[in-house]
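This report concerns only the one structure given below.
The sequence lines fix the lettering, A, B, ..., with proteins before strands; numbering per chain opens at 1. The analysis underlying the following values was restricted to heavy atoms, covering all of them including side chains, and did not include hydrogens, waters or symmetry mates.
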There are 2 protein chains.
Amino acid sequence: MTEARPLVLVVEDEPQMRRVLRLTLESNGMRYTEAISVREAISKIRAQPPDLIIADLALPDGEGLRVIRAAREDSSVPIVVLSARSQESDKIAALDAGADDYVTKPFSAGELLARLRVGLRHAAARASGESPEAFTLLDLRVDILQRRVTLRNVPVHLTPIEYRLLICLIAKAGQVVTHSELLRAGWGAAKLDQQHYLRIYMTGLRRKLELDPARPTYLHTETGVGYRLSAD
Amino acid sequence: MTEARPLVLVVEDEPQMRRVLRLTLESNGMRYTEAISVREAISKIRAQPPDLIIADLALPDGEGLRVIRAAREDSSVPIVVLSARSQESDKIAALDAGADDYVTKPFSAGELLARLRVGLRHAAARASGESPEAFTLLDLRVDILQRRVTLRNVPVHLTPIEYRLLICLIAKAGQVVTHSELLRAGWGAAKLDQQHYLRIYMTGLRRKLELDPARPTYLHTETGVGYRLSAD
DNA sequence: AAACTGCGCAAAGATTCCGTAAAGATTCCG
DNA sequence: CGGAATCTTTACGGAATCTTTGCGCAGTTT
């Protein structure tokens, strides 16, 4: 970002919607650039990486999902999806593909801008490396800087994947972390459907961290959704 | 809204009903404007966009549905429908067309005003881009970010479908949610006709959330139409 | 009064999801 | 090169969830 004003890429095929978005964005301190097709979007993302992407799900030459996947391959740029009221299931697909938020048409300018600000704020937080250096919960202690895990002051050895999963859970301690999020954290975007990997590695983590793996203190299962690390 | 008092457009052909509504609205801090026909309503909506619309379903020169569709084309203004008890199917058609809630004639002033306030509150929340991260009502608390539900500070476990239904109801707290909306939220667009699924899952939700499932505090049945979660 | 409709509720059956073990494949590292 | 650690694959019993089925009740219609 060589400029202070964030660059927003709008992927949208309806001219009128583009016009509305351009006006809304430019009158609120953001720079506007646009793409009409999935192909154009992908090339613009490469040529001039935007600070945020607004993508319409209902695109002509392919699903808008492809924009999301393409953008997620090599960046964590915030993505806000536009969708019609009816496409509930599409929203979920979009979020799973890596979108950060969605706005339902018709929407107000205030609503859209609020979502955009949230996205930009998160990105800024990530960029400035704002992350806790250590996590403590009961007998468990994770020193992220040293990449060191101890249980009752006894060091615990974790494999790389186990460690990535634990860090992912810690980053959202108290919240449910979905299967796809965990799979993304452990294996990357490739194997989002291999849920049984997760079961095997959660078993491993529990064996190493829990007194009684069958009745876990730290790592809780949310059937059909994901896992949750207890908060304090 | 250049004025603090919200502007309410009443679309109604019976003079007496217009008089009652005008008095009710104006003595409760709202501005009143009226339309007698669908055509007049549409032109007034364009000329001076109201903050809320009250539309009688039984209009002479065309169904009141046309008012709803016309208004929904380019705005998300709250729409409350007036209907007679007999027009069950019309209510559903109106809600599907984009109405937010309905009031059955005869109605009390208090009942109507409560619905209007809910509609205006939702509109204000949308305009400011407020996507609620938590919902609290009496002893019930739903933390959407954490995906956690507590009742009197005791965690309540909900299955995925139960949770989706509850979130759907919360999004329209105080307003009716139709069977098909709930079915869509819980199961996707496939099973819109399996209404008995809803009964079973509402039973489950009430068992988990209500003190006396037979006399619910939170989850109310709107016979023939859908369900309603109480507003604060 | 009988038939119908929409709703609440219970319980059994079917399916999906989860935890665990163990064996093969791959990578890491001395 | 060879062993150790790690990752992947396969398999299966049990648990949680979802679906199906059936019945009783209340309000409404015929």
With both distances under 3.5 Å as the test, what is the Watson-Crick or G-U wobble partner of dC1(D)?
dG30(C)
Residue from Y163(A), W187(A), Y227(A) passing ring pair (Phe, Tyr, Trp, His ring centres under 6.0 Å) with Y201(A)
W187(A)
Send over the distance from M202(B) CE to dC9(C) P, rounded to a whole Å.
12 Å
Compare all side-chain heavy atoms of L219(B) with those of L229(B) and state whether any distance is below 4.5 angstrom.
yes
Short side-chain donor-acceptor distance under 3.5 Å, R206(B) and T217(B)
no
Between P on dC7(C) and CG on L183(B), what's the gap in Å once rounded to a whole number?
11 Å
Round to a whole Å and report the spacing from CG of L182(B) to C1' of dC7(C).
15 Å
Would you please say whether a donor-acceptor pair under 3.5 Å links the side chains of T150(A) and R141(A)?
no
Could you measure the distance from the CZ atom of R66(B) to the CD1 atom of I68(B)? Nearest 0.5 Å is fine.
12.0 Å
Does any nucleotide pair with dC18(C) by Watson-Crick or G-U wobble geometry, both distances under 3.5 Å, and what is it?
dG13(D)
In B/S/- notation, 5' to 3', how is nucleotides 8-19 of chain D contacted by protein heavy atoms closer than 4.0 Å?
BBB-----SSBB
Whole-Å gap separating C1' (dG8(C)) and CG (L219(B))
13 Å
OP1 or OP2 of dA10(C) less than 4.0 angstrom from a side-chain nitrogen or oxygen of R207(B), does that happen here?
yes
Report yes if the side chains of V103(A) and V81(A) come closer than 4.5 Å at any heavy-atom pair, otherwise no.
no
Hunt down the Watson-Crick or G-U wobble partner of dC18(D), both distances under 3.5 Å, from any strand shown, or write none.
dG13(C)
Are there more than 12 heavy atoms of other residues, nucleotides or ligands under 6.0 Å from atom CG of N153(B)?
no
Whole-Å distance, R215(B) CZ to dA26(D) P, equals 13 Å
L205(A) CG to dG19(C) P: how many Å, rounded?
12 Å
Output the rounded distance in Å from CG (L198(A)) to C1' (dC18(C)).
11 Å
Are T221(B) and dG6(C) close enough that a side-chain N or O sits under 4.0 Å from OP1 or OP2?
no
Return the value, rounded to whole Å, for the distance between atom NE2 of H220(A) and atom C1' of dC18(C).
16 Å
